[in-house]
Amino acid sequence: MKLHGTMEINAAGHLVIGGCDTVDLAQEFGTPLYIMDEELIRLTCREYYRSFTGKYGNSEVIYASKTFSTLAMCHMVKEEGLGLDVVSGGELYTALEAKFPPQHIYFHGNNKTPAELEFAIEAKVGRIVVDNYRELELLNALAAEHGRVVDVLVRVAPGVEAHTHEYIQTGQIDSKFGFTVSTGDALKAVQMVTEAANLEFQGLHCHIGSQIFELDSYRHTARVMMELGAEIREKTGAVVRELNLGGGFGIYYVAGDTPAKISDYADLVMGTVSDLAASYSLPMPKVIVEPGRSIAGPAGTTLYTIGSSKDIPGVRKYVAVDGGMADNPRPALYQSRYEAVLANRASEAPEEVVSITGKCCESGDMLIWDIDLPRVNSGDLLAVLCTGAYNYSMSSNYNRLPRPAVVLVKDGEADVIVERETYDDLVRNDLIPERLLRSRSLRVAGR
Ligand SMILES: *Cc1c(COP(=O)(O)O)cnc(C)c1O
(Lines give C-alpha, C1' and ligand atoms only; values in the text may rest on other atoms or scores of the structure.)
Protein backbone atom coordinates (compact mmCIF):
# COMPACT_ATOMS: atom_id res chain seq x y z
CA MET A 1 0.00 0.00 0.00
CA LYS A 2 1.24 3.45 -0.89
CA LEU A 3 0.38 6.63 0.98
CA HIS A 4 -0.15 9.64 -1.29
CA GLY A 5 0.68 13.32 -0.96
CA THR A 6 0.53 14.60 2.62
CA MET A 7 -0.79 11.34 4.08
CA GLU A 8 0.73 10.09 7.28
CA ILE A 9 -0.20 7.87 10.20
CA ASN A 10 -0.19 9.58 13.60
CA ALA A 11 0.73 8.23 17.03
CA ALA A 12 -2.87 7.13 17.63
CA GLY A 13 -2.66 5.01 14.47
CA HIS A 14 -5.05 7.24 12.57
CA LEU A 15 -4.69 8.18 8.92
CA VAL A 16 -3.95 11.90 8.59
CA ILE A 17 -4.39 13.86 5.35
CA GLY A 18 -3.43 17.50 4.96
CA GLY A 19 -2.74 17.61 8.69
CA CYS A 20 -6.31 16.51 9.47
CA ASP A 21 -7.02 13.33 11.42
CA THR A 22 -9.49 11.36 9.32
CA VAL A 23 -11.25 10.11 12.48
CA ASP A 24 -12.05 13.75 13.31
CA LEU A 25 -13.10 14.42 9.71
CA ALA A 26 -15.56 11.53 9.87
CA GLN A 27 -16.98 12.87 13.11
CA GLU A 28 -17.30 16.44 11.87
CA PHE A 29 -18.50 15.87 8.31
CA GLY A 30 -19.94 12.35 8.36
CA THR A 31 -19.30 9.50 5.94
CA PRO A 32 -19.05 8.70 3.12
CA LEU A 33 -16.77 11.64 2.63
CA TYR A 34 -14.55 12.66 -0.25
CA ILE A 35 -11.31 14.23 1.02
CA MET A 36 -9.11 16.24 -1.38
CA ASP A 37 -5.48 16.99 -0.51
CA GLU A 38 -4.93 20.60 -1.61
CA GLU A 39 -1.17 20.47 -1.36
CA LEU A 40 -0.92 17.44 -3.62
CA ILE A 41 -3.25 19.01 -6.21
CA ARG A 42 -1.14 22.15 -6.27
CA LEU A 43 2.20 20.30 -6.29
CA THR A 44 1.12 18.25 -9.29
CA CYS A 45 -0.17 21.32 -11.14
CA ARG A 46 3.18 23.01 -10.46
CA GLU A 47 5.17 20.04 -11.64
CA TYR A 48 3.21 20.04 -14.89
CA TYR A 49 3.65 23.78 -15.29
CA ARG A 50 7.38 23.65 -14.56
CA SER A 51 8.02 20.64 -16.81
CA PHE A 52 6.19 22.03 -19.84
CA THR A 53 5.54 25.78 -19.83
CA GLY A 54 8.35 26.69 -17.44
CA LYS A 55 11.00 24.72 -19.30
CA TYR A 56 9.83 24.99 -22.91
CA GLY A 57 7.82 28.19 -23.13
CA ASN A 58 5.48 27.70 -26.04
CA SER A 59 3.26 25.06 -24.46
CA GLU A 60 0.20 24.88 -22.25
CA VAL A 61 -1.02 22.39 -19.67
CA ILE A 62 -4.78 22.26 -19.37
CA TYR A 63 -6.62 20.36 -16.67
CA ALA A 64 -9.31 17.99 -17.97
CA SER A 65 -12.10 19.16 -15.70
CA LYS A 66 -14.37 16.16 -16.34
CA THR A 67 -12.08 14.35 -13.88
CA PHE A 68 -13.26 16.43 -10.94
CA SER A 69 -15.15 19.60 -11.77
CA THR A 70 -16.11 21.88 -8.90
CA LEU A 71 -15.79 25.63 -8.27
CA ALA A 72 -12.90 25.23 -5.81
CA MET A 73 -11.01 22.92 -8.16
CA CYS A 74 -11.37 25.32 -11.10
CA HIS A 75 -10.20 28.12 -8.81
CA MET A 76 -7.05 26.24 -7.74
CA VAL A 77 -6.23 25.25 -11.33
CA LYS A 78 -6.57 28.89 -12.37
CA GLU A 79 -4.26 29.98 -9.54
CA GLU A 80 -1.65 27.44 -10.63
CA GLY A 81 -1.56 28.87 -14.14
CA LEU A 82 -3.04 25.93 -16.03
CA GLY A 83 -5.77 26.07 -18.67
CA LEU A 84 -8.99 24.07 -18.49
CA ASP A 85 -10.75 21.64 -20.75
CA VAL A 86 -14.51 21.23 -20.60
CA VAL A 87 -16.76 18.77 -22.40
CA SER A 88 -20.24 20.10 -21.69
CA GLY A 89 -22.24 23.21 -21.00
CA GLY A 90 -22.31 22.20 -17.33
CA GLU A 91 -18.53 22.00 -17.05
CA LEU A 92 -18.23 25.29 -18.94
CA TYR A 93 -20.74 26.88 -16.57
CA THR A 94 -18.77 25.61 -13.57
CA ALA A 95 -15.54 27.07 -14.96
CA LEU A 96 -17.14 30.44 -15.68
CA GLU A 97 -18.75 30.56 -12.23
CA ALA A 98 -15.24 30.03 -10.82
CA LYS A 99 -14.14 33.06 -12.91
CA PHE A 100 -11.86 30.92 -15.02
CA PRO A 101 -10.42 33.12 -17.82
CA PRO A 102 -12.41 31.99 -20.88
CA GLN A 103 -9.50 32.38 -23.29
CA HIS A 104 -7.82 29.49 -21.48
CA ILE A 105 -10.83 27.19 -21.79
CA TYR A 106 -10.91 24.47 -24.47
CA PHE A 107 -14.27 22.94 -25.35
CA HIS A 108 -14.26 19.29 -26.46
CA GLY A 109 -16.94 16.72 -27.08
CA ASN A 110 -18.33 14.53 -29.83
CA ASN A 111 -21.90 15.80 -29.73
CA LYS A 112 -22.03 19.37 -28.52
CA THR A 113 -25.54 20.69 -28.81
CA PRO A 114 -26.35 23.94 -30.65
CA ALA A 115 -27.11 25.51 -27.26
CA GLU A 116 -23.74 24.42 -25.86
CA LEU A 117 -21.91 25.78 -28.91
CA GLU A 118 -23.71 29.11 -28.61
CA PHE A 119 -22.91 29.22 -24.90
CA ALA A 120 -19.21 28.67 -25.73
CA ILE A 121 -19.25 31.30 -28.49
CA GLU A 122 -20.91 33.86 -26.22
CA ALA A 123 -18.50 33.05 -23.37
CA LYS A 124 -15.59 33.56 -25.82
CA VAL A 125 -13.82 30.33 -24.89
CA GLY A 126 -10.26 30.10 -26.23
CA ARG A 127 -10.69 27.08 -28.49
CA ILE A 128 -13.53 24.91 -29.65
CA VAL A 129 -12.33 21.46 -30.67
CA VAL A 130 -14.34 20.50 -33.75
CA ASP A 131 -15.10 16.80 -33.66
CA ASN A 132 -17.22 16.02 -36.74
CA TYR A 133 -18.71 17.38 -39.98
CA ARG A 134 -22.08 18.23 -38.49
CA GLU A 135 -20.44 20.30 -35.78
CA LEU A 136 -18.11 21.98 -38.25
CA GLU A 137 -21.05 23.32 -40.27
CA LEU A 138 -23.16 24.11 -37.23
CA LEU A 139 -20.37 26.01 -35.50
CA ASN A 140 -19.55 28.00 -38.63
CA ALA A 141 -23.22 28.99 -38.99
CA LEU A 142 -23.61 29.90 -35.30
CA ALA A 143 -20.36 31.89 -35.31
CA ALA A 144 -21.67 33.81 -38.36
CA GLU A 145 -24.94 34.57 -36.54
CA HIS A 146 -22.93 35.98 -33.67
CA GLY A 147 -20.66 37.93 -36.01
CA ARG A 148 -17.62 36.06 -34.71
CA VAL A 149 -14.67 34.13 -36.04
CA VAL A 150 -14.03 31.17 -33.74
CA ASP A 151 -10.59 29.63 -33.20
CA VAL A 152 -10.78 25.89 -33.63
CA LEU A 153 -8.70 22.79 -33.27
CA VAL A 154 -9.65 19.75 -35.33
CA ARG A 155 -10.03 16.55 -33.32
CA VAL A 156 -8.48 13.65 -35.13
CA ALA A 157 -8.32 9.91 -34.50
CA PRO A 158 -4.67 9.13 -35.14
CA GLY A 159 -5.11 5.36 -35.17
CA VAL A 160 -3.14 4.89 -31.99
CA GLU A 161 -4.88 3.37 -29.04
CA ALA A 162 -2.93 3.41 -25.81
CA HIS A 163 -3.38 0.89 -23.07
CA THR A 164 -1.62 0.87 -19.76
CA HIS A 165 1.59 -0.77 -20.90
CA GLU A 166 1.39 -0.75 -24.68
CA TYR A 167 -0.25 0.96 -27.58
CA ILE A 168 -2.05 -0.56 -30.47
CA GLN A 169 -1.81 0.87 -33.91
CA THR A 170 -4.83 0.07 -35.96
CA GLY A 171 -5.23 1.17 -39.56
CA GLN A 172 -8.57 2.66 -38.70
CA ILE A 173 -9.33 3.04 -35.05
CA ASP A 174 -12.85 2.18 -33.97
CA SER A 175 -13.71 5.32 -31.99
CA LYS A 176 -16.62 7.70 -31.81
CA PHE A 177 -14.29 10.68 -31.47
CA GLY A 178 -12.81 12.84 -34.19
CA PHE A 179 -11.91 12.69 -37.86
CA THR A 180 -9.98 9.59 -38.83
CA VAL A 181 -6.51 10.23 -40.20
CA SER A 182 -6.14 7.07 -42.29
CA THR A 183 -9.39 7.60 -44.24
CA GLY A 184 -8.44 11.12 -45.29
CA ASP A 185 -11.25 12.64 -43.21
CA ALA A 186 -8.85 14.55 -40.98
CA LEU A 187 -7.26 16.27 -43.96
CA LYS A 188 -10.67 16.98 -45.49
CA ALA A 189 -11.95 18.49 -42.24
CA VAL A 190 -8.95 20.80 -41.98
CA GLN A 191 -9.53 21.88 -45.58
CA MET A 192 -13.18 22.64 -44.76
CA VAL A 193 -12.23 24.63 -41.65
CA THR A 194 -9.76 26.73 -43.64
CA GLU A 195 -12.53 27.46 -46.15
CA ALA A 196 -15.21 28.22 -43.52
CA ALA A 197 -15.68 31.98 -43.25
CA ASN A 198 -16.25 32.04 -39.50
CA LEU A 199 -13.75 29.43 -38.33
CA GLU A 200 -10.02 29.98 -37.87
CA PHE A 201 -7.88 26.84 -38.06
CA GLN A 202 -5.39 26.83 -35.19
CA GLY A 203 -4.30 23.23 -35.11
CA LEU A 204 -4.97 19.61 -34.24
CA HIS A 205 -6.12 17.69 -31.23
CA CYS A 206 -6.09 14.02 -30.28
CA HIS A 207 -6.43 11.88 -27.15
CA ILE A 208 -5.27 8.30 -27.30
CA GLY A 209 -6.48 6.81 -24.05
CA SER A 210 -6.13 6.90 -20.31
CA GLN A 211 -4.01 5.46 -17.51
CA ILE A 212 -1.00 5.28 -19.87
CA PHE A 213 2.37 4.24 -18.43
CA GLU A 214 4.28 3.70 -21.66
CA LEU A 215 5.61 7.06 -22.80
CA ASP A 216 6.44 5.64 -26.20
CA SER A 217 2.71 5.84 -26.99
CA TYR A 218 3.06 9.62 -26.93
CA ARG A 219 6.17 9.58 -29.12
CA HIS A 220 4.34 7.51 -31.66
CA THR A 221 1.26 9.72 -31.55
CA ALA A 222 3.32 12.88 -31.95
CA ARG A 223 4.86 11.35 -35.07
CA VAL A 224 1.45 10.54 -36.61
CA MET A 225 0.25 14.06 -35.82
CA MET A 226 3.32 15.81 -37.22
CA GLU A 227 3.15 13.69 -40.40
CA LEU A 228 -0.42 14.84 -40.73
CA GLY A 229 0.76 18.42 -40.16
CA ALA A 230 3.21 18.05 -43.03
CA GLU A 231 0.50 16.66 -45.29
CA ILE A 232 -1.87 19.47 -44.29
CA ARG A 233 0.68 22.09 -45.21
CA GLU A 234 1.47 20.42 -48.50
CA LYS A 235 -2.14 19.90 -49.59
CA THR A 236 -3.91 22.92 -48.07
CA GLY A 237 -1.20 25.42 -47.20
CA ALA A 238 -2.55 25.58 -43.64
CA VAL A 239 -0.13 25.54 -40.72
CA VAL A 240 -0.66 23.59 -37.49
CA ARG A 241 0.11 26.30 -34.96
CA GLU A 242 -1.13 24.26 -32.01
CA LEU A 243 -0.80 20.56 -31.34
CA ASN A 244 -2.94 19.22 -28.52
CA LEU A 245 -1.88 15.69 -27.59
CA GLY A 246 -4.65 15.05 -25.04
CA GLY A 247 -4.33 13.56 -21.59
CA GLY A 248 -3.99 10.04 -20.30
CA PHE A 249 -0.92 10.13 -18.03
CA GLY A 250 -1.20 7.11 -15.72
CA ILE A 251 -1.13 7.02 -11.92
CA TYR A 252 -0.52 4.54 -9.13
CA TYR A 253 -3.70 2.82 -7.93
CA VAL A 254 -2.34 -0.56 -6.85
CA ALA A 255 0.96 -2.42 -6.66
CA GLY A 256 2.26 -3.02 -10.16
CA ASP A 257 1.17 0.39 -11.46
CA THR A 258 4.34 2.17 -12.53
CA PRO A 259 3.68 5.77 -13.56
CA ALA A 260 6.32 7.65 -15.52
CA LYS A 261 7.72 10.97 -14.32
CA ILE A 262 5.91 14.10 -15.47
CA SER A 263 9.23 15.74 -16.38
CA ASP A 264 10.18 12.72 -18.54
CA TYR A 265 6.80 12.93 -20.23
CA ALA A 266 7.35 16.62 -20.97
CA ASP A 267 10.88 16.09 -22.27
CA LEU A 268 9.82 13.24 -24.49
CA VAL A 269 6.81 15.06 -25.96
CA MET A 270 8.57 18.38 -26.48
CA GLY A 271 11.71 16.71 -27.84
CA THR A 272 9.80 14.52 -30.28
CA VAL A 273 7.66 17.34 -31.64
CA SER A 274 10.67 19.62 -31.97
CA ASP A 275 12.72 16.98 -33.84
CA LEU A 276 9.83 16.25 -36.18
CA ALA A 277 9.16 19.93 -36.81
CA ALA A 278 12.81 20.30 -37.83
CA SER A 279 12.81 17.24 -40.06
CA TYR A 280 9.59 18.29 -41.85
CA SER A 281 10.66 21.97 -41.91
CA LEU A 282 7.48 22.89 -40.05
CA PRO A 283 7.28 25.68 -37.51
CA MET A 284 7.36 24.33 -33.93
CA PRO A 285 3.71 24.25 -32.83
CA LYS A 286 2.53 25.24 -29.39
CA VAL A 287 2.17 21.90 -27.62
CA ILE A 288 -0.79 21.36 -25.32
CA VAL A 289 -1.38 18.46 -22.93
CA GLU A 290 -4.55 17.76 -20.98
CA PRO A 291 -3.91 15.79 -17.81
CA GLY A 292 -6.93 14.96 -15.69
CA ARG A 293 -6.53 11.80 -13.63
CA SER A 294 -2.90 12.52 -12.73
CA ILE A 295 -3.84 15.87 -11.15
CA ALA A 296 -6.99 14.95 -9.23
CA GLY A 297 -6.71 11.18 -8.75
CA PRO A 298 -3.98 10.69 -6.13
CA ALA A 299 -5.22 13.74 -4.20
CA GLY A 300 -8.57 12.13 -3.43
CA THR A 301 -9.55 9.69 -0.67
CA THR A 302 -13.01 8.38 0.14
CA LEU A 303 -13.73 7.76 3.80
CA TYR A 304 -16.44 5.23 4.67
CA THR A 305 -17.86 3.74 7.84
CA ILE A 306 -17.90 -0.03 7.94
CA GLY A 307 -21.28 -1.56 8.75
CA SER A 308 -22.28 -5.16 8.26
CA SER A 309 -20.21 -8.07 7.09
CA LYS A 310 -20.99 -11.53 5.80
CA ASP A 311 -18.59 -14.42 6.11
CA ILE A 312 -19.14 -17.37 3.78
CA PRO A 313 -16.58 -19.86 5.12
CA GLY A 314 -14.24 -21.11 2.45
CA VAL A 315 -15.70 -18.71 -0.09
CA ARG A 316 -15.40 -15.04 0.83
CA LYS A 317 -15.93 -12.50 3.56
CA TYR A 318 -17.87 -9.43 2.47
CA VAL A 319 -17.42 -6.21 4.42
CA ALA A 320 -19.96 -3.50 3.62
CA VAL A 321 -19.40 0.26 3.75
CA ASP A 322 -21.93 3.10 3.83
CA GLY A 323 -21.34 4.07 0.17
CA GLY A 324 -20.46 2.12 -2.94
CA MET A 325 -21.14 2.30 -6.65
CA ALA A 326 -23.14 5.51 -6.25
CA ASP A 327 -20.02 7.39 -5.13
CA ASN A 328 -17.53 5.22 -7.05
CA PRO A 329 -18.89 3.39 -10.08
CA ARG A 330 -15.43 2.68 -11.54
CA PRO A 331 -14.93 -0.87 -10.22
CA ALA A 332 -18.36 -1.86 -11.55
CA LEU A 333 -17.80 0.00 -14.85
CA TYR A 334 -14.32 -1.18 -15.69
CA GLN A 335 -12.95 -3.43 -12.97
CA SER A 336 -10.82 -0.63 -11.54
CA ARG A 337 -8.74 -1.56 -8.55
CA TYR A 338 -8.00 0.42 -5.40
CA GLU A 339 -5.97 0.20 -2.24
CA ALA A 340 -7.51 0.99 1.13
CA VAL A 341 -6.47 1.46 4.73
CA LEU A 342 -8.38 1.12 7.96
CA ALA A 343 -8.27 4.81 8.81
CA ASN A 344 -8.79 4.51 12.59
CA ARG A 345 -6.37 1.55 12.95
CA ALA A 346 -3.90 2.35 10.21
CA SER A 347 -0.80 0.92 11.87
CA GLU A 348 -2.29 -2.52 12.61
CA ALA A 349 -1.02 -5.50 10.66
CA PRO A 350 -3.37 -7.24 8.22
CA GLU A 351 -5.04 -10.37 9.53
CA GLU A 352 -7.54 -11.46 6.93
CA VAL A 353 -8.54 -11.12 3.29
CA VAL A 354 -11.93 -9.50 2.76
CA SER A 355 -13.87 -7.93 -0.09
CA ILE A 356 -15.34 -4.47 0.25
CA THR A 357 -18.88 -4.05 -0.97
CA GLY A 358 -21.24 -1.08 -1.00
CA LYS A 359 -24.83 -0.67 0.19
CA CYS A 360 -26.49 -0.54 -3.23
CA CYS A 361 -28.97 -3.13 -4.46
CA GLU A 362 -26.62 -4.60 -7.06
CA SER A 363 -24.37 -7.61 -6.73
CA GLY A 364 -21.90 -5.68 -8.89
CA ASP A 365 -21.67 -3.01 -6.20
CA MET A 366 -18.13 -3.92 -5.20
CA LEU A 367 -15.35 -1.49 -4.34
CA ILE A 368 -12.42 -3.84 -3.73
CA TRP A 369 -12.06 -7.59 -4.24
CA ASP A 370 -9.66 -9.38 -1.89
CA ILE A 371 -7.82 -6.90 0.26
CA ASP A 372 -5.68 -7.64 3.32
CA LEU A 373 -7.00 -5.81 6.39
CA PRO A 374 -6.89 -6.11 10.16
CA ARG A 375 -9.99 -7.87 11.51
CA VAL A 376 -12.60 -5.12 11.07
CA ASN A 377 -15.48 -4.15 13.33
CA SER A 378 -18.58 -2.24 12.40
CA GLY A 379 -17.90 1.40 13.11
CA ASP A 380 -14.32 1.22 11.82
CA LEU A 381 -13.41 3.71 9.13
CA LEU A 382 -12.17 2.59 5.74
CA ALA A 383 -10.22 5.01 3.55
CA VAL A 384 -10.17 4.06 -0.13
CA LEU A 385 -7.18 5.76 -1.75
CA CYS A 386 -6.69 7.55 -5.04
CA THR A 387 -10.37 8.32 -5.63
CA GLY A 388 -9.98 11.97 -6.67
CA ALA A 389 -10.52 11.31 -10.37
CA TYR A 390 -13.79 10.11 -11.92
CA ASN A 391 -15.43 9.35 -8.55
CA TYR A 392 -17.32 12.45 -7.47
CA SER A 393 -17.68 13.42 -11.14
CA MET A 394 -19.23 10.05 -11.99
CA SER A 395 -21.31 9.74 -8.84
CA SER A 396 -25.05 9.17 -8.97
CA ASN A 397 -28.05 9.10 -6.68
CA TYR A 398 -28.68 5.40 -7.33
CA ASN A 399 -30.90 3.99 -4.58
CA ARG A 400 -31.55 7.64 -3.70
CA LEU A 401 -28.29 7.91 -1.86
CA PRO A 402 -27.41 11.57 -1.33
CA ARG A 403 -23.99 12.43 -2.78
CA PRO A 404 -21.26 12.73 -0.12
CA ALA A 405 -19.67 16.03 0.83
CA VAL A 406 -16.23 16.95 -0.49
CA VAL A 407 -13.75 18.53 1.93
CA LEU A 408 -10.50 20.19 0.95
CA VAL A 409 -7.77 19.68 3.54
CA LYS A 410 -4.53 21.58 4.04
CA ASP A 411 -2.27 22.26 7.04
CA GLY A 412 -4.81 20.99 9.55
CA GLU A 413 -7.74 22.90 8.06
CA ALA A 414 -10.70 21.21 6.43
CA ASP A 415 -13.20 23.14 4.34
CA VAL A 416 -16.30 21.82 2.66
CA ILE A 417 -16.07 22.51 -1.09
CA VAL A 418 -19.19 20.53 -1.99
CA GLU A 419 -21.99 20.18 0.54
CA ARG A 420 -23.42 16.78 1.31
CA GLU A 421 -26.74 16.32 -0.46
CA THR A 422 -29.83 16.11 1.70
CA TYR A 423 -33.02 14.07 1.30
CA ASP A 424 -34.64 17.35 0.26
CA ASP A 425 -32.13 17.66 -2.57
CA LEU A 426 -33.23 14.23 -3.77
CA VAL A 427 -36.85 15.27 -4.30
CA ARG A 428 -36.14 18.90 -5.19
CA ASN A 429 -36.86 18.42 -8.90
CA ASP A 430 -39.64 15.86 -8.50
CA LEU A 431 -43.19 16.84 -9.34
CA ILE A 432 -46.52 15.06 -9.02
CA PRO A 433 -48.68 16.19 -11.95
CA GLU A 434 -52.02 17.66 -10.97
CA ARG A 435 -53.62 15.00 -13.17
CA LEU A 436 -52.36 12.18 -10.93
CA LEU A 437 -53.70 13.83 -7.83
CA ARG A 438 -57.05 14.46 -9.53
CA SER A 439 -57.57 10.94 -10.84
CA ARG A 440 -56.73 9.51 -7.44
CA SER A 441 -59.32 11.63 -5.70
CA LEU A 442 -61.92 10.73 -8.34
CA ARG A 443 -61.23 7.05 -7.86
CA VAL A 444 -61.51 7.37 -4.16
CA ALA A 445 -64.69 9.41 -4.52
CA GLY A 446 -66.32 6.90 -6.87
CA ARG A 447 -65.58 3.88 -4.75
C1 LIG B 1 -10.57 12.27 -20.63
C2 LIG B 1 -9.77 13.19 -21.46
C3 LIG B 1 -8.63 13.78 -20.93
C4 LIG B 1 -8.07 13.45 -19.56
O5 LIG B 1 -7.62 12.15 -19.51
P6 LIG B 1 -6.85 11.61 -18.18
O7 LIG B 1 -6.64 10.19 -18.47
O8 LIG B 1 -7.77 11.85 -17.04
O9 LIG B 1 -5.59 12.39 -18.08
C10 LIG B 1 -7.97 14.71 -21.71
N11 LIG B 1 -8.43 15.02 -22.95
C12 LIG B 1 -9.51 14.45 -23.49
C13 LIG B 1 -9.97 14.86 -24.83
C14 LIG B 1 -10.22 13.52 -22.77
O15 LIG B 1 -11.30 12.95 -23.31
Side-chain angles (χ1 to χ4, degrees), residues 41 44-45 47-48 51-52 59-69 73-74 77 82-88 90-92 95 104-112 116 120 125-132 135 152-158 160-165 167 173 175-179 186 203-215 217-218 221-222 225 242-253 257 259-262 265-266 269 287-300 328-330 333-334 336 386-394:
I41 292 170
T44 313
C45 288
E47 195 179 346
Y48 266 112
S51 304
F52 281 91
S59 61
E60 187 169 10
V61 178
I62 65 182
Y63 168 64
S65 73
K66 70 174 184 211
T67 314
F68 177 72
S69 166
M73 187 67 183
C74 291
V77 168
L82 308 193
L84 200 75
D85 115 34
V86 300
V87 297
S88 70
E91 286 182 2
L92 175 56
H104 291 287
I105 299 178
Y106 291 64
F107 191 15
H108 298 287
N110 73 306
N111 190 21
K112 306 178 197 75
E116 286 176 323
V125 303
R127 299 285 180 268
I128 296 182
V129 183
V130 172
D131 184 277
N132 53 73
E135 182 178 292
V152 304
L153 300 181
V154 172
R155 168 82 184 249
V156 308
V160 182
E161 197 186 338
H163 296 273
T164 303
H165 286 292
Y167 62 82
I173 186 173
S175 161
K176 73 169 181 173
F177 294 106
F179 296 96
L204 300 174
H205 172 261
C206 65
H207 172 73
I208 55 167
S210 211
Q211 188 59 353
I212 298 166
F213 294 143
E214 184 46 68
L215 290 181
S217 321
Y218 290 108
T221 305
M225 298 296 276
E242 295 178 10
L243 180 59
N244 184 328
L245 293 172
F249 193 79
I251 60 171
Y252 178 99
Y253 281 105
D257 290 345
K261 273 170 60 185
I262 290 171
Y265 168 44
V269 164
V287 174
I288 299 149
V289 291
E290 302 174 322
R293 185 191 311 275
S294 49
I295 291 178
N328 183 3
R330 296 187 66 254
L333 265 179
Y334 21 69
S336 312
C386 231
T387 59
Y390 308 109
N391 274 231
Y392 171 72
S393 67
M394 283 188 165

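Both ligands and their constituent atoms are indexed starting at 1 by order of listing. Basis for what follows: all heavy atoms, side chains included, without hydrogens, waters or symmetry-related copies.
- Between Y390 and ligand 1, an N or O atom pair is found at a separation short of 3.5 Å.
- Residues passing the side-chain contact (heavy atoms from CB on, under 4.5 Å) test with A64 are T67, D85, sequence neighbours excluded.
- Protein heavy atom in closest approach to atom 6 (P) of ligand 1: G248 N, 3.5 Å.
- Where the criterion is an N or O separation shorter than 3.5 Å, residue side chain and backbone included, S294 fails it with respect to ligand 1.
- Residue R293 has at least one nitrogen or oxygen atom sitting less than 3.5 Å from a nitrogen or oxygen atom of ligand 1, judged on distance alone.
- Under a 4.0 Å criterion applied to the non-hydrogen atoms of G247, ligand 1 contributes the atoms 9 (O), 10 (C), 11 (N).
- Contacts of H207 with ligand 1, taken as heavy-atom pairs under 4.0 Å, involve the side chain alone.
- Residue-to-ligand polar distances place G292 within reach of ligand 1: an N/O pair is separated by less than 3.5 Å.
- L204 and M225 make their closest contact through CB-CE, 3.7 Å (heavy atoms, listed as atom of the first residue, atom of the second, distance).
- Residues H205 and H108 bring their aromatic ring centres within 6.0 Å.
- Contacts with ligand 1 closer than 4.0 Å are made by backbone heavy atoms (N, CA, C, O) of P291 only, the side chain lying farther away.
- You'll find the side chain of F213 reaches within 4.5 Å of the side chain of Q211, heavy atoms only.
- Residue S210 has at least one N or O atom closer than 3.5 Å to an N or O atom of ligand 1.
- Which parts of ligand 1 touch A64 is read off a 4.0 Å heavy-atom cut-off, strictly below it: atoms 3 (C), 4 (C), 10 (C).
- By the criterion of a heavy-atom distance under 4.0 Å, the side chain of D85, and not its backbone, is placed next to ligand 1.
- The minimum heavy-atom distance between I62 and P291, with the atom names listed, is O-CD, 3.3 Å.
- Donor-acceptor pairing under 3.5 Å is recorded for the side chains of E60 and Y106.
- Under 3.5 Å, the side chains of N110 and D131 contain no donor-acceptor pair of N or O atoms.
- Ring-plane geometry between Y265 and Y48 is classed as perpendicular, the angle between the planes exceeding 60 degrees on a 0 to 90 degree scale with a lower cut at 30.
- For E214, the side-chain contact (heavy atoms from CB on, under 4.5 Å) criterion is met by D216, S217, not counting sequence neighbours.
- In this structure, atom 2 (C) of ligand 1 lies nearest to the protein heavy atom K66 NZ, 2.4 Å.
- Geometrically, ligand 1 and H205 share no nitrogen or oxygen pair separated by less than 3.5 Å.
- Side chains of Y390 and S336: a donor-acceptor N/O pair is absent below 3.5 angstrom, by distance only.
- The contact set between ligand 1 and E290, taken as ligand atoms under 4.0 Å from a residue heavy atom, comprises 3 (C), 4 (C), 9 (O), 10 (C), 11 (N), 12 (C), 13 (C).
- For the pair G246 and ligand 1, the shortest N or O to N or O distance does not fall below 3.5 Å.
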